[in-house]
Amino acid sequence: MAHWLIKSEPSAYSWPQFVKDKKTSWTGVRNAQAAMNLKAMKPGDRCFFYHSNEGKEIVGVAEVVKAAYPDATDETGRFVTVDVKAVEAVKKPVTLAAIKAEPRLKDFGLVRQSRLSVVPVADAQWALILKMAAG
DNA sequence: GCCAACGTTGGC
DNA sequence: GCCAACGTTGGC
């Protein structure tokens, strides 16, 4: 099972909204590399839900429930979306500052390529961040 | 096919 | 609000 991190600006789509919806289609990704990551997702894969801009922290865990399919909101037909469901909020949000302060996370995609909105998370990174989020 | 100009994202 | 990083566009 692979792990990922998906970003959203709370003003656009926040974690509380996601929890309320229970499930959502992750549309709006318009970046080739992020789209590649979406295509690599499989049902059952888990994702960190990260609030960019406001908060700048991992606030919850989501699970992929449907593999990539064409994003109907994309007129060019080039991009895809996946369906994800909310699993649970983390006990303690993991801030970007905390991630940057952790030497073992210096290669984390979130830090290395800050503009990418769908980032792969290595197993060791996933486990470590989960531990940090357990509080 | 190169590269300058421009737009967008996201951290600070 | 600014700026760095990076992607995209369009002229040549």
Side-chain angles (χ1 to χ4, degrees):
Chain A
M1 183 171 67
H3 298 106
W4 311 91
L5 178 142
I6 54 181
K7 275 188 206 174
S8 183
E9 292 190 36
S11 60
Y13 193 76
S14 67
W15 172 259
Q17 183 64 46
F18 184 34
V19 169
K20 212 168 121 194
D21 292 347
K22 293 194 176 71
K23 186 184 135 174
T24 192
S25 180
W26 205 255
T27 56
V29 172
R30 297 292 181 270
N31 171 282
Q33 205 179 339
M36 270 184 50
N37 290 332
L38 286 182
K39 284 178 188 168
M41 287 185 183
K42 293 194 173 58
D45 284 359
R46 296 226 156 168
C47 317
F48 286 130
F49 190 108
Y50 176 80
H51 275 169
S52 64
N53 265 318
E54 284 170 61
K56 283 170 289 182
E57 58 194 10
I58 292 168
V59 289
V61 175
E63 183 175 316
V64 177
V65 290
K66 187 175 175 187
Y69 59 97
D71 183 346
T73 68
D74 171 32
E75 290 164 11
T76 70
R78 283 184 295 168
F79 295 103
V80 296
T81 181
V82 297
D83 289 355
V84 288
K85 71 172 182 186
V87 175
E88 60 182 359
V90 295
K91 280 206 185 98
K92 193 176 117 190
V94 179
T95 64
L96 182 64
I99 288 167
K100 284 190 165 173
E102 171 52 70
R104 284 172 290 173
L105 292 176
K106 71 172 168 39
D107 288 329
F108 190 22
L110 183 67
V111 181
R112 281 216 343 244
Q113 223 183 326
S114 66
R115 284 188 54 202
L116 189 58
S117 58
V118 183
V119 183
V121 182
D123 289 346
Q125 294 167 348
W126 179 267
L128 180 57
I129 294 167
L130 266 192
K131 204 174 287 181
M132 291 163 74

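Order of the sequence lines sets the chain letters (A, B, ...), proteins ahead of strands, with each chain counted from 1. The structure presented is a predicted model; accordingly, all values stated were derived computationally and were not measured.
For A:Lys92, there are no side-chain contact (heavy atoms from CB on, under 4.5 Å) partners two or more places apart in sequence or in a different chain.
Under the 30°/60° scheme for interplanar angles, the aromatic rings of A:Trp15 and A:Phe49 are found to stand perpendicular. Aromatic ring pairs are classed by plane angle as parallel below 30°, tilted from 30° to 60° and perpendicular above 60°; the pair A:Tyr13 and A:Trp26 is perpendicular.
Nucleotides of DNA chain B with any atom under 4.0 Å from a heavy atom of chain A span, from 5' to 3', B:dG7 to B:dC12.
Grouping the Ile, Leu, Val, Met, Phe, Trp and Tyr side chains by contacts below 4.5 angstrom, directly or via other members, places A:Ile129 apart from A:Val59. Neither A:Val61 nor A:Trp4 shares a network with the other; the hydrophobic side chains, linked directly or stepwise wherever heavy atoms of I, L, V, M, F, W or Y lie under 4.5 Å apart, form separate groups for each. Hydrophobic clustering, with ILVMFWY side chains joined whenever heavy atoms are under 4.5 angstrom apart, keeps A:Leu116 apart from A:Val29.
Using a 4.0 Å cut-off on heavy atoms, the residues of residues 109-117 of chain A that approach DNA chain B are A:Ser114, A:Arg115, listed by number.
Panel note: side chain A:Asp45, backbone A:Ala2; a donor-acceptor pair is recorded below 3.5 Å.
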